[in-house]
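Notes for the one structure printed next.
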Amino acid sequence: MGKQRVLSGVQPTGNLHLGNYLGAIRNWVERQYEYENFFCVVDLHAITVPHDPAQLAADTYTIAALYLACGIDLENSTIFVQSHIPAHSELTWLLNCLTPLAWLDDMVQYKEKALKQGENVNAGLLDYPVLMAADILLYDADKVPVGEDQKQHLELTRDIAARLNYLYGNGENSVLKLPEPDIRQVGARVMSLTDGTKKMSKSEPAEGSRINLLDSPEAIQRKIKRCKTDPTRGLWFDDPERPECHNLLSLYMLLSGKDKETVAAECQDMGWGQFKPLLAETTVEALKPIQQKYQEIVRDRGYLESVLRQGREKAAAIAEQTLQRVRDALGFSRPL
Ligand code: TRP
């Protein structure tokens with residue numbers, strides 16, 4: 001039996017932060033040799049909220065370069081750009097027409113984002129999860145490694161696939177394959193540096209709330225120095241009264257590679273004045289190799305272009321086959 005297939009993606013809105021890295025990409029990298037992987041830069045998703053056209057292509061390249069810099073190995077993985085493969089848009093339309101509107105109204109992330117956008121909500125924002133379903137289903141993905149916040153979208157993906165198979169296929173997995181979510185609990189939720197009860201997020205206006213993978217050592221030190229803490233002395237995990245303490249200890253644990261017991265013992269008597277410089281130093285060191293590799297990659301634009309060209313060719317061949325299965329199942333005529 002061949003390897004199971006993994007598909008995941010990140011939006012090209014600005015650069016990646018520690019939440020993206022620890023919650024998703026690091027897990028992709030650690031387990032990449034167990035699977036055949038497809039990693040997508042989901043630029044079509046990026047225009048569901050107002051975006052800057054002067055920035056979209058550059059951000060797309062940045063994310064692709066960061067995939068490589070974080071250690072994605074092209075031996076087992078294909079890196080590609082969503083909009084380079086028209087099948088994503090076309091399958092989205094076909095799936096739209098069999099997705100009950102009520103399923104989309106129910107999506108928590110849509111409701112949250114719509115609230116943030118106020119008057120400025122477009123149809124694409126509601127449709128976002130259907131495009132994500134198309135991304136996944138086009139590649140017959142077995143597993144989709146994502147952060148905890150994407151769980152509902154994966155359930156929707158399964159529901160849409162099951163509905164299509166039921167209505168237009170002949171049984172389970174007959175047209176589209178149902179994927180399994182793959183959500184790792186450790187690191188699945190990295191919280192904001194300015195509010196330990198909120199997720200670290202690209203869309204939060206305060207820069208100080210997140211550490212970006214490409215932040216300079218000075219920026220990292222400054223953000224950690226200013227991050228929110230509490231007046232208690234001694235540090236411990238899992239205290240609901242101390243969300244910031246739990247988050248910062250977890251970051252230290254993940255970035256140092258030490259286990260939870262070791263970190264708990266090391267930090268139990270520390271005050272923030274001692275812990276913060278330690279966390280800053282550890283973060284700078286953990287990001288240094290990624291940043292160095294990133295600089296090497298972006299120096300050679302031709303290389304990155306060739307990676308994305310090959311990625312597109314490989315991904316398009318698979319996507320086109322799946323799309324044709326769906327067109328056939330729905331009864332479309334073939335172009336003459
Ligand atoms: N919605 C995902 C997120 O915000 C990004 C995404 C788009 C994705 N398409 C995908 C993730 C397909 C996994 C698979 O994280």
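The first residue of the sequence shown is numbered 1, and numbering continues consecutively from there. In each ligand, atom 1 is the first atom listed, and ligand 1 is the first ligand listed.
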Exercise for the section: Side-chain contact test, heavy atoms from C-beta onward, threshold under 4.5 Å: evaluate it for Asp328 versus Tyr168 and give yes or no. Expected result: no
Practice task
Just jot down the salt bridge (charged side-chain N to carboxylate O under 4.0 Å, His left out) partners of Glu320, sequence neighbours excluded, or say none.
Solution key: Arg327
Please output the side-chain donor-acceptor pairs of residues 210-218 that fall under 3.5 Å, not counting sequence neighbours, one pair per line with the distance.
{"residue": "Arg210", "atom": "NH1", "partner": "Ser201", "partner atom": "O", "Å": "2.6"}
{"residue": "Arg210", "atom": "NH1", "partner": "Glu204", "partner atom": "O", "Å": "2.8"}
{"residue": "Arg210", "atom": "NH2", "partner": "Glu204", "partner atom": "O", "Å": "3.2"}
{"residue": "Arg210", "atom": "NH2", "partner": "Glu207", "partner atom": "OE2", "Å": "3.1"}
{"residue": "Asn212", "atom": "ND2", "partner": "Glu207", "partner atom": "OE1", "Å": "3.3"}
{"residue": "Asp215", "atom": "OD2", "partner": "Asn212", "partner atom": "N", "Å": "2.9"}
{"residue": "Asp215", "atom": "OD2", "partner": "Lys223", "partner atom": "NZ", "Å": "2.6"}
{"residue": "Ser216", "atom": "OG", "partner": "Glu218", "partner atom": "OE1", "Å": "3.4"}
{"residue": "Ser216", "atom": "OG", "partner": "Ala219", "partner atom": "N", "Å": "3.1"}

Exercise for the section: For Arg163, check salt bridge (charged side-chain N to carboxylate O under 4.0 Å, His left out) against everything at least two apart and list the hits. Expected result: none
Completion exercise
The answer, listing residues by chain and number that come under 4.0 Å of ligand 1 through any heavy atom, is Leu7, Ser8, Gly9, Val42, His45, Tyr128, Met132, Asp135, Ile136, Val144, Val146, Gln150
Handout entry: Ion pair check, Glu305 and Arg301, cut-off under 4.0 Å
Key = yes
Practice task
Please determine if Glu180 and Lys143 form a salt bridge, counting it only when a charged side-chain N lies under 4.0 Å from a carboxylate O.
Solution key: no
